[in-house]
Number of protein chains: 2
Amino acid sequence: MKRITIRDVSERAGVSTAAVSYVLNGREGKVSSETVAKVRKAVEDLNYIPDFSARSLANNKSKLIGVVIPQTEDRKQLLLQNPFYSELICGIEARLRQSGFHMILSGVEKGEGYLDTSMQRNLDGAIITGIYQESFYEDLKKVRMPIVLVDSYVYDSHFHVVGIDDELGGYLATRHFIENGHTNIALVTGLIRKDGVVEKRFLGYKRALKEAGLFYNPDHVFEHSVTYEYGQEAARLIATKYPEITAVFATSDLMAMGVMQGVRDEGKEVPEHISVIGFDDISVARMCTPPLTTIKQDAIAKGIMAAERLLAAIENPDAEHSENLMVMPLSLIERNTVRKLP
Amino acid sequence: MKRITIRDVSERAGVSTAAVSYVLNGREGKVSSETVAKVRKAVEDLNYIPDFSARSLANNKSKLIGVVIPQTEDRKQLLLQNPFYSELICGIEARLRQSGFHMILSGVEKGEGYLDTSMQRNLDGAIITGIYQESFYEDLKKVRMPIVLVDSYVYDSHFHVVGIDDELGGYLATRHFIENGHTNIALVTGLIRKDGVVEKRFLGYKRALKEAGLFYNPDHVFEHSVTYEYGQEAARLIATKYPEITAVFATSDLMAMGVMQGVRDEGKEVPEHISVIGFDDISVARMCTPPLTTIKQDAIAKGIMAAERLLAAIENPDAEHSENLMVMPLSLIERNTVRKLP
DNA sequence: CGCATAAGGTTAAACGCTTAAACTAAATTC
DNA sequence: GAATTTAGTTTAAGCGTTTAACCTTATGCG
């Protein structure tokens with residue numbers, strides 16, 4: 001079964017392939033309404049579907065967007081375990097599809113850049129989530145497609161950025177503890193990397209402490225990986241070795257849930273013995289017991305926004321460098337994991 | 001900045017483009033080791049990266065796999081909220097990348113087939129998860145690429161299938177309740193669609209009841225959508241209007257967690273008043289309180305297997321129709337949501 | 001030595017599309 | 001009525017690969 005080509009369509013419609021191409025691409029004024037009708041009919045009759053490879057080869061547009069998300073520690077799998085990323089992807093995909101784009105979702109190999117993929121596939125743009133080593137961004141700058149960074153503080157005129165005010169998030173969470181009488185507040189977090197979101201949340205945490213005249217104790221920050229398991233481990237440590245700590249700010253809900261379990265593992269209770277605040281407000285946050293107090297951000301909206309920004313930049317490549325930073329809203333959601341100290 | 005083409009490489013190496021193409025594609029015996037060396041060097045020097053569009057146009061291979069997953073009720077977003085799908089995707093992506101393939105992840109538009117995408121992009125294959133209306137599969141059969149169906153009982157020589165023994169899963173869960181003295185066991189489930197997985201789980205549920213000489217009561221099956229919210233709603237209904245029910249088998253962990261919440265909403269406890277068993281063993285199942293007893297399947301492994309099958313079929317298109325059905329293992333994981341009745 | 005064969009290389013025709021440039025015919029201008 | 005413009009259409013040259021077919025030499029063999 002041979003493929004139906006633009007030539008077949010042109011023959012059936014009795015016009016040239018150029019004419020067909022023009023009507024398919026809606027070139028205004030290039031073609032009479034009569035021809036449009038003939039071509040439409042032929043396309044319909046033959047059930048013609050254009051070949052995007054050929055199109056891409058001819059005009060250098062692929063209608064393909066690269067989306068990269070972080071990988072697990074072992075570097076083998078995508079970090080989709082974290083529902084935050086799932087929701088982000090949902091938003092991105094929905095918006096891209098709406099505009100006829102497809103998404104190539106992938107992780108990125110250890111050390112490798114993303115240049116290969118972007119060149120091979122002639123990507124029209126990319127959305128990069130998470131934070132990577134510097135060389136990765138250097139590579140990215142060399143490529144001439146628009147790029148949107150999500151959750152990154154790597155500012156550069158080459159990149160559009162969509163994020164939230166992470167510093168504020170960290171501040172709000174910590175201040176909430178303080179308002180409830182807590183003075184020994186631990187931070188449980190993934191690796192604090194330069195220009196990453198947790199660095200800012202950490203800064204907000206410190207600002208709130210300072211503002212309240214509290215001593216910042218480095219021993220109270222537990223830094224490792226963004227996993228449920230590490231949250232659990234850290235909480236066990238806290239429950240057994242740090243009796244002074246009454247509150248834990250986890251920089252991701254996933255970790256916060258681990259913390260809650262770890263606390264219980266040691267025979268203590270949340271929030272009776274230890275209060276917890278998370279970050280993200282992933283959907284399970286309201287489902288767990290007790291429901292988790294957390295800093296809410298809308299991951300789906302973030303994804304949609306990232307896609308929107310990218311599409312706009314593709315449409316209009318001469319980006320005005322003014323508004324290429326987008327900050328989405330965030331808020332503290334009070335549920336039941338913070339105890340008011342007497 | 002012009003693109004480096006195979007022609008540039010051939011000129012620098014002092015050979016023809018054909019020679020370059022041969023070494024790039026590892027055509028054995030077509031080329032001397034001397035030429036191989038020269039070409040390798042030139043590729044390295046110029047940092048040449050082939051254009052997959054051109055390649056696809058020339059040899060009809062795209063190294064692109066379509067992956068489709070179900071969408072939410074409102075038909076706008078991917079069903080990635082359900083961690084089961086996230087994990088599946090992780091497995092698929094990891095395996096595909098390992099073999100140099102990329103994945104186009106998408107939902108499929110209301111009513112639309114998948115033919116368009118597959119033709120436009122010249123897909124080398126597709127992995128379809130979930131269950132769709134019949135016309136969708138009819139379309140799929142017309143396309144000449146290998147297709148792997150995950151979680152579907154649509155058998156057809158055109159399709160490879162990877163799944164689990166859902167009937168057995170339903171049976172095991174139900175029997176576990178019965179062994180613990182329960183006799184009024186509700187089923188909370190998403191839409192029971194022909195050839196879908198829940199249909200089989202439902203069958204297993206009925207078989208276990210029958211085997212134990214228990215009456216199957218249609219009023220005890222609560223069928224709607226695969227969401228936390230519906231689980232919650234059903235549980236509230238059960239807790240208030242069906243006092244005889246002591247156990248709930250939810251056909252997905254997400255729903256089971258909703259059930260647990262719904263039970264609590266009505267001032268009752270799991271498992272003291274109502275026992276619960278879920279399905280999938282998503283990672284949060286062990287994290288929730290109390291940890292959920294469930295039917296475990298390994299979603300990541302399932303994804304890897306699906307990808308593996310597809311790759312094999314692509315390698316070797318003359319598929320022997322014997323082994324195109326793959327059944328993955330499953331087991332009951334006892335945690336703390338089932339109470340032993342006196 | 002003459003000829004078949006093999007090994008290694010090249011040429012050039014696809015693949016299916018876009019688009020600048022050329023062309024044609026009709027309409028407008030002076 | 002010739003010259004110019006306009007609108008609509010076609011021609012044909014790419015885009016960057018692959019690969020069948022062809023062309024050289026060198027090798028082996030009777």
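So you know, we letter chains A, B, ... as the sequences are listed, proteins then strands, and number each from 1.
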ask   = Any side-chain N or O of A:Ser32 under 4.0 Å from OP1/OP2 of D:dT9?
value = yes
*Short side-chain N/O contact to D:dT18 OP1/OP2 from B:Asn25, under 4.0 Å*: yes
Next on the checklist: Using only modelled atom types and a 3.5 angstrom limit, is any donor from either the side chain of A:Tyr22 or the base of C:dA20 paired with an acceptor on the other?
Outcome noted: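 Present.
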Could you state the [atom1]-[atom2] distance from [X] to [N], rounded to the nearest angstrom?
| X | N | atom1 | atom2 | result |
| --- | --- | --- | --- | --- |
| B:Ile49 | D:dG16 | CD1 | C1' | 14 Å |
| A:Leu57 | C:dC15 | CG | P | 14 Å |
| B:Arg7 | D:dT18 | CZ | C1' | 13 Å |
| B:Leu24 | D:dT17 | CG | P | 9 Å |
| B:Ile6 | C:dT10 | CD1 | P | 12 Å |
| B:Gln120 | C:dG16 | CD | P | 15 Å |
| A:Asp51 | D:dC15 | CG | C1' | 13 Å |
| A:Asn122 | D:dC15 | CG | C1' | 10 Å |

Counting only side-chain heavy atoms from C-beta out, which of [options] sits nearest to [X]?
| X | options | answer |
| --- | --- | --- |
| B:Thr5 | D:dT17, C:dT11, D:dT9 | D:dT17 |
| B:Arg3 | D:dG16, D:dT11, C:dT10 | D:dG16 |
| A:Ala18 | C:dC17, C:dC15, D:dT11 | D:dT11 |
| A:Ala54 | C:dC17, D:dT17, C:dT10 | C:dC17 |
| A:Thr17 | D:dA12, D:dT10, C:dG16 | D:dA12 |
| B:Asn59 | D:dT10, D:dG16, D:dT18 | D:dT18 |

message = To check you understand the geometry: which heavy-atom pair defines the closest contact between A:Phe101 and A:Leu64, and what is its length?
response =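 Residues A:Phe101 and A:Leu64, closest heavy atoms: CD2-N, 4.1 Å.
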message: For a quick check of understanding: with a heavy-atom distance under 4.0 Å over all strands, which category does A:Thr35 fall into, base, sugar-phosphate or nothing?
response: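 Answer is sugar-phosphate: A:Thr35 comes under 4.0 Å of backbone atoms only.
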Any base atoms under 4.0 Å from A:Ser21, or only sugar-phosphate, or nothing? Heavy atoms, all strands.
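Answer is base: heavy atoms of A:Ser21 come under 4.0 Å of a base.
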Hey, are A:Arg97 and A:Glu93 close enough for a salt bridge, meaning a charged N less than 4.0 Å from a carboxylate O? yes
Has B:Lys141 got more than 12 heavy atoms of other residues, nucleotides or ligands less than 6.0 Å from its NZ?
yes
By nearest-nucleotide position on DNA chain C, the 5'-leaning member of B:Gly14 and A:Ser53 is B:Gly14
Relative to the ring of A:Tyr137, is the ring of A:Tyr132 parallel (under 30°), tilted (30 to 60°) or perpendicular (over 60°)? tilted
Any donor-acceptor N or O pair under 3.5 Å, side chains B:Ser10, B:Ser16
no
